[in-house]
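Reviewing the structure listed below.
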Amino acid sequence: MPSSDPQAGVDYPRTFQELLAWFPDEAACLTYLERVRWRDGFLCPRCGADGEWWRVRRGLRKCAMCRRECSVTAGTIFHKSRLPLQSWFAAIWYVVNQKNGVSALGLQRVLGFGSYQTAWAWLHKLRRAMVLPGREPLTGAVEVDETLVGGVKPGKPGRSADGKALVVIAVECHDGGPGRTRMHRIPNASADVLTDFVLENVARGSEVRTDGWKGYNDIGRYRFTHSVTNLSESGDPAHVAMPEVHRVASLLKRWLLGTHQGAVSHDQLDYYLDEFTFRFNRRRSRHRGLLFYRLIEGALVASPHPYTTLLTSRDAA
Ligand SMILES: [Zn+2]
């Protein structure tokens, strides 16, 4: 039975040796998935009841309310996987332990997959699991700015994307460096789009720092303190006036160029932004095992993605 104490469920292997010892077989993996998915108690995915249940077999429970059977992997990225859960766990361990991310080829080599396509599909499924719903919004002083990412055509100066993707980034400012970040590919830098992004990602009452772009003019209407740095009047270049968001933007670009050789299409960019965010926001985690736990947790709430839907962008999926 899962514990009723939410913290008691947060357990994870600390080392590779522990990973091997914890998950010697499929049954051990299923038990772990049950513990993570129903950490706060069983919740029937079919009728929503959070009451009694019976065990049918490992990984399969029968809801006492609707009397239907629920598999712990139903509706998750592990659903109907032809490969064992142990392979998934090994893939997740590998992904979270490579500081700068992994390529599909790297994953294929490490897991000994016969097909590159499988490794590629798994990586994309895991990227989709990297952003948990209900994340805590950013708080405190938060810098927000847009940047252009990727593309080979030289962009026009100013706010026009022109071959590049436009990405809006928010970063918490802590003493001595950036805190957590959020980012999103956006169609344009209009007030509607930018205000939506801030409302979705920054807690009310926070201080939002932007440049003088008119797309940010509405922010002050929503219980944010809006601090505007007018770059042309201050005489400071942007990286001086808003250091944290510019630091994160350049790390993002370097990461896309380094790990992925810049070969990321606009449609796939959303998922790479999620991966970058996942890694960045947990860069100081003492235990990589905690990232393993978080990614398993995300994988259990992400819906399964057949290969064909992985080829489309999030908006279309
Ligand atoms: Zn039920």
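Sequential numbering from 1 along the given sequence is applied to the chain's residues. One-based numbering, in listed order, for ligands and for the atoms of each.
Electrostatic pairing of Glu172 and Arg180 counts as a salt bridge here, judged by a charged N lying under 4.0 Å from a carboxylate O.
Neighbouring protein atoms of the Zn ion (ligand 1) (N, O or S, distance under 2.8 Å, waters ignored): Cys44 SG, Cys47 SG, Cys63 SG, Cys66 SG.
Annotation: Arg223, atom CZ; neighbour count of heavy atoms from other residues, nucleotides and ligands within 6.0 Å does not exceed 12. Around atom CD of Glu26, more than 12 heavy atoms belonging to other residues, nucleotides or ligands sit under 6.0 Å away.
To the nearest 0.5 Å, atoms CD (Glu207) and CZ (Phe224) are separated by 12.0 Å.
Among residues two or more places apart in sequence or in another chain, the side chain to side chain donor-acceptor pair (under 3.5 Å) test is passed with Thr15 by none.
Annotation for Ala170 and Val144: closest pair CB-CG2, 4.0 Å, computed over non-hydrogen atoms.
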